[in-house]
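First up is the structure itself, then whatever we jot down about it.
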Amino acid sequence: MAEHLAPQEERLDVTVQSQPSGLPVAALADLPKVLVAPPWTEKRKSTAPREIPGLEAPAPQLVGRGDEFERALALEPDLVEWDPDTYWDGIDDDRVYSYRHGFSVADGVRSQLARSGPKLADQAVEQLQDLPWHGDALLPIRSTPAAALAAHWFLRLDAGRDAGLDWFDRHGLHAAALLVPEAFGPKVYQRTTARGALRLLAWRYGAEAVVQAVEVHGPEAVAGVEAVLADPDRPLLNNPNVGGRLRNTDLPPVLTADRKAVLPREAVSHLMNVLSQWTPRTPYPAVETVAEACDRDSLARFSLAMAQRFPWMIGQLGRFGGTEAVALLEEHVKKWGARQLLLTGLGLEALAALPADIAFPALYRMSRGKLHDSVRALAAAKAAAVAARIKSEVEPLADRAAPTLGLDDPAQLVLDFGPRAFHIKADERLKLRIADDAGKLRARLPRPGLRDDAETAAASTARFRKLSKDLTAELAFQSDRLKDAMLASRIWDADGFARLLANPVLASLAKGLLWIGETHDGPQGFRLAEDGSFADVNDKPLELAEGGRVRLAHPALLGPDLPLWTEVFADYEILQPFDQLARPALTLTEEEARTGVLDRFSGATAAFAALREVLDWKHLYWDEPDKPIELAYLFARELPRERLNAESAAVVDNAHLLAEIDPSPDYRDPDPDGRHRILWVWFSPTKNRRRGVPTLRGDALDPVLVAEILAGLGRATGINH
């Protein structure tokens, strides 16, 4: 994937070169000022005015992304039922309600902003003042109060760092003019925070761009901002205090750029403080200064050693890290997990800043790993960001990043024992066997003999065992990916499918599966024949149309060809990596397709635990705001909107699977084995269970999704038709 890396993504692995010894100590006069007398060692001397009278805050605006406001209007309360025609009646559109029955604070604010516009922006900021975990609701608000709150969250609250930075990501240089009234206002606390945020913008976009952005406030404000930004190496808010915590001997030496001297002790202490200021989202410019003044190899080693000793300083690994940094960051993220989500987020942020070819595989695997849901969601978001950075989508990039484990390199398949050599042979199912130089197959790798080179043979044996272990794990991982691709109705374009077949691990799995491809005669099923060609259900060669797309077959898509394909796979004794053709090929009846009501299950009984495998057990409220809060737990499942067909997606905002059962279990302690009668189960465009609300047509949804839902309910009830 190296061809996809941007120039700034080039990094150096810290293991590249060894350190020279016996070098002299560099003279302080030859080093940049930030390594000799950084701003935090001197008394602050600012020429910026304390206050500038007459500054006016611009009128608030709302700035959305994509269909953000449309989605906000489509938000629904977590209520059992409500009247959609009257739910918002009685709500004063000149006031933001901190609590709206059935809504979280963030969803309530978003919904009210979408309905009433920027006139509620300042009130919304007040409601969010102490709630950075609801920071998503602040994102669309472009105003001075919003900028000040984002700066406060980012600079003053650990829990608000990401929410504040997210706001600055959204508004960019527009934030500069918004911060000026606070940066030269009467309140010291807010003034200090706003000036720190202006420095953040200068770090990101350059001081000149920030100064140009504030020209709307007049020459006095411009001069004041120029004074605030006069020292680009000044920290955003607090002075760092890291350098004195370690003896210099605890860290590897850092060489000057010409590799003729090492940094003196005091410069190393300052270097630690400099690096502590840098993260991918706060790119401290002094780091670039020291990067030019220091040897790249030794600086990378120093960066890694710092992160090993001070795990909370892992942010700077995003600037200097390599493959060892990826391993360290992944280890820390897995260890911290959801218990230390702030550090976990910083580790994932640093990981996402590294070159895509080394960062993406780690992020993607963590997004599918056995981690807390919150951690997997963060990893998935960072993996998507890395993919977008190189103009790719996540799953195609995961195909390209899938390791070959050396199975495509003949040199990697030779096991050297010294005077003897053995060769790894892999069959179509990637079962590994050993052959000697004469081509004779052996049941297992032999033990080293007296004439063999003991050290070389031991290394080869260890490599073979590692390959066997890695291959087993990789086949399981990629098999799960392909199964999910089938269930999600993923489509491969022609180039993507060719790349998949070029990977020996993915190709081996692909040969055990049935595919559907676009041909000149329409979509047709095909399998991969022994010679790599495509064969149809009659075992005749099949050619895809030029640029024809491909997907994994699901029984629900095969119609009358399903038993024929089942027979073909049985005749050829093709072992499938997961249940594909054996899955129930369930479809809706005409009535179910029209009404969206799954009548076949009405009156059936099922155990509570079995139903939870298909539906989520969600807590909801009754729409009685004037009475004590009364909870209800009901079965529901939100369905992906992208699984709606184009016609339905144009007229409905959401899709749900809802169910009602009798008797209702104890919501505090439901009995997993308790049996319940299904009153009815239906597809719905809304969470609203109010009688008379229209259902969602069953044929509005992807038939693969519908088939899996029918199969899950069938397993729960024993009804499989």
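In this chain, residues are counted from 1 in sequence order.
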Query raised in the report: Are Arg368 and Asp480 close enough, and set up right, to give a salt bridge (charged side-chain N to carboxylate O under 4.0 Å, His left out), and what steps lead you there?
Result: CA-CA 10 Å; Arg368 296 181 58 91; Asp480 285 343; 5.4 Å; no
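- Phe154 and Trp167 have their aromatic ring centers separated by at least 6.0 angstrom.
- Side-chain contact between Met366 and Val375 is absent, with no heavy-atom pair separated by less than 4.5 Å.
- Here Arg281 pairs with Asp162 in a salt bridge; the nearest charged N to carboxylate O distance falls below 4.0 Å.
- Between the side chains of Gln190 and His152, no donor-acceptor pair of N or O atoms lies under 3.5 Å.
- The two residues Ala137 and Pro140 have their closest heavy-atom pair at O-CD, 3.5 Å.
- Within the 3.5 Å criterion, the main-chain N or O of Gln340 finds a donor-acceptor partner in the side chain of Thr344.
- In this structure, CZ in Arg170 is found 10.5 Å from CD1 in Ile141, a value given to the nearest 0.5 Å.
- No side-chain donor-acceptor contact under 3.5 Å links Ser684 to the backbone of Lys687.
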Report task. Please lay out, stage by stage, how Val80 and Tyr621 fare under the test side chain to side chain contact (heavy atoms under 4.5 Å, CB included). Result -> CA-CA 6 Å; Val80 176; Tyr621 302 91; over 6 Å; no
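- A 4.5 Å side-chain heavy-atom check between Pro280 and Glu349 finds at least one atom pair inside the cut-off.
- Here the closest non-hydrogen pair linking Leu615 and Ala659 is CD1-CB, 4.1 Å.
- Side chain of Glu592 to main chain of Leu588: no donor-acceptor pair is present (N/O by atom type, distance under 3.5 Å, no hydrogens or angles).
- Using a 4.5 Å heavy-atom cutoff, the side chains of Val704 and Arg551 are in contact.
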Report task. Starting from the C-alpha separation in whole Å, work towards a yes-or-no answer on salt bridge (charged side-chain N to carboxylate O under 4.0 Å, His left out) for Asp495 and Arg549. Result -> CA-CA 9 Å; Asp495 291 340; Arg549 299 178 303 169; over 6 Å; no
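- Shown here for His217 and Ala177, the closest heavy-atom pair between the two residues is NE2-O, 2.8 Å.
- Residues Pro132 and Leu157 share a closest heavy-atom pair of CG-CD1, 4.4 Å.
- Here the side chains of Phe103 and Asp78 are not in contact, with every heavy-atom distance at 4.5 Å or above.
- The backbone N or O of Gly172 sits nowhere less than 3.5 Å from a side-chain atom of Arg204 that would complete a donor-acceptor pair.
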Report task. Quick one: do Glu330 and Arg365 satisfy salt bridge (charged side-chain N to carboxylate O under 4.0 Å, His left out)? Show the steps, please. Result -> CA-CA 10 Å; Glu330 188 172 1; Arg365 287 176 182 273; over 6 Å; no
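- Using a 30° and 60° split on the angle between ring planes, Trp203 and Tyr284 fall in the tilted class, from 30° to 60°.
- Val225 and Val211 get closest at one heavy-atom pair: CG1-CG2, 4.3 Å.
- You'll find the side chain of Leu201 reaches within 4.5 Å of the side chain of Leu179, heavy atoms only.
- At least one donor-acceptor pair under 3.5 Å links the side chain of Arg641 to the backbone N or O of Ala649.
- Annotation: side chain of Arg199 is in contact with side chain of Leu229 (closest heavy-atom distance under 4.5 Å).
- No side-chain donor-acceptor contact under 3.5 Å links Trp82 to the backbone of Arg690.
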Query raised in the report: Please walk me through it: do Glu708 and His554 pass side chain to side chain contact (heavy atoms under 4.5 Å, CB included)?
Result: CA-CA 10 Å; Glu708 292 297 316; His554 185 283; 2.8 Å; yes
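- Atom CD of Glu647 sits in a sparse spot, with 12 or fewer heavy atoms from other residues, nucleotides or ligands closer than 6.0 Å.
- No side-chain N or O of Arg319 forms a donor-acceptor pair with one of Gln316 less than 3.5 Å apart.
- Between the CG atom of Asp616 and the CD atom of Glu638 there is a distance of 9.0 Å, given to the nearest 0.5 Å.
- Between Arg110 and Glu68, no side-chain nitrogen of the basic residue sits less than 4.0 Å from a carboxylate oxygen of the acidic one, so the salt-bridge criterion is not met.
- Contact annotation: the side chain of Asn654 never approaches that of Pro685 to less than 4.5 Å [non-hydrogen atoms, C-beta and beyond].
- Remark: the Thr686 side chain and the Glu76 side chain contain an N/O donor-acceptor pair separated by less than 3.5 Å.
- A salt bridge between Asp357 and Arg400 is absent, with no side-chain N of the basic residue lying under 4.0 Å from a carboxylate O of the acidic one.
- The backbone N or O of Glu70 sits nowhere less than 3.5 Å from a side-chain atom of Asp67 that would complete a donor-acceptor pair.
- No donor-acceptor contact under 3.5 angstrom links the side chains of Thr595 and Arg697, judged on distance only.
- Ionic pairing of Asp399 and Arg481 is present here: one or more N-O contacts between side-chain nitrogen and carboxylate oxygen are shorter than 4.0 angstrom.
- Panel note: side chain Asp702, backbone Arg643; no donor-acceptor pair is recorded below 3.5 Å.
- Remark: the backbone N or O of Gly347 is not paired with any side-chain donor or acceptor of His332 at under 3.5 angstrom.
- Counting only heavy atoms from C-beta outward, the side chains of Leu198 and Val210 approach each other to under 4.5 Å.
- One finds no salt bridge joining Asp166 and Arg161 here, because no Lys/Arg side-chain nitrogen approaches an Asp/Glu carboxylate oxygen to under 4.0 Å.
- By the 30° and 60° cut-offs, the orientation of the rings of Phe635 relative to Trp617 is tilted.
- Side chain of His372 to main chain of Ser374: a donor-acceptor pair is present (N/O by atom type, distance under 3.5 Å, no hydrogens or angles).
- For the atom pair CG of Leu346 and CH2 of Trp336, the computed distance is 7.5 Å after rounding to the nearest 0.5 Å.
- Considering CG of Leu378 and CG of Leu371, their distance stands at 10.5 Å, rounded to 0.5 Å.
- Within a 6.0 Å sphere centred on CD of Gln212, heavy atoms belonging to other residues, nucleotides or ligands number more than 12.
- Between Tyr364 and Phe477, the angle of the ring planes goes over 60°, which puts this pair in the perpendicular group of the 30/60° scheme.
- The two residues Thr144 and Ala57 make their nearest non-hydrogen contact at OG1-CB, 3.4 Å.
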Report task. Under the side chain to side chain contact (heavy atoms under 4.5 Å, CB included) rule, what do Ile390 and Leu397 come out as? Steps first, then yes or no, please. Result -> CA-CA 10 Å; Ile390 59 174; Leu397 185 56; 3.9 Å; yes
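- The environment of NE2 in His174 is sparse: at most 12 heavy-atom neighbours from other residues, nucleotides or ligands sit within 6.0 Å.
- Separation of atoms CG (Leu557) and OG1 (Thr587) is listed at 11.0 Å; rounding is to 0.5 Å.
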Requested in this report: Could you walk me through whether Leu329 and Leu354 pass side chain to side chain contact (heavy atoms under 4.5 Å, CB included), step by step?
Outcome: CA-CA 11 Å; Leu329 289 167; Leu354 292 170; 4.1 Å; yes
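- Expressed to the nearest 0.5 Å, how far CD of Gln277 lies from CG of Leu237 amounts to 10.0 Å.
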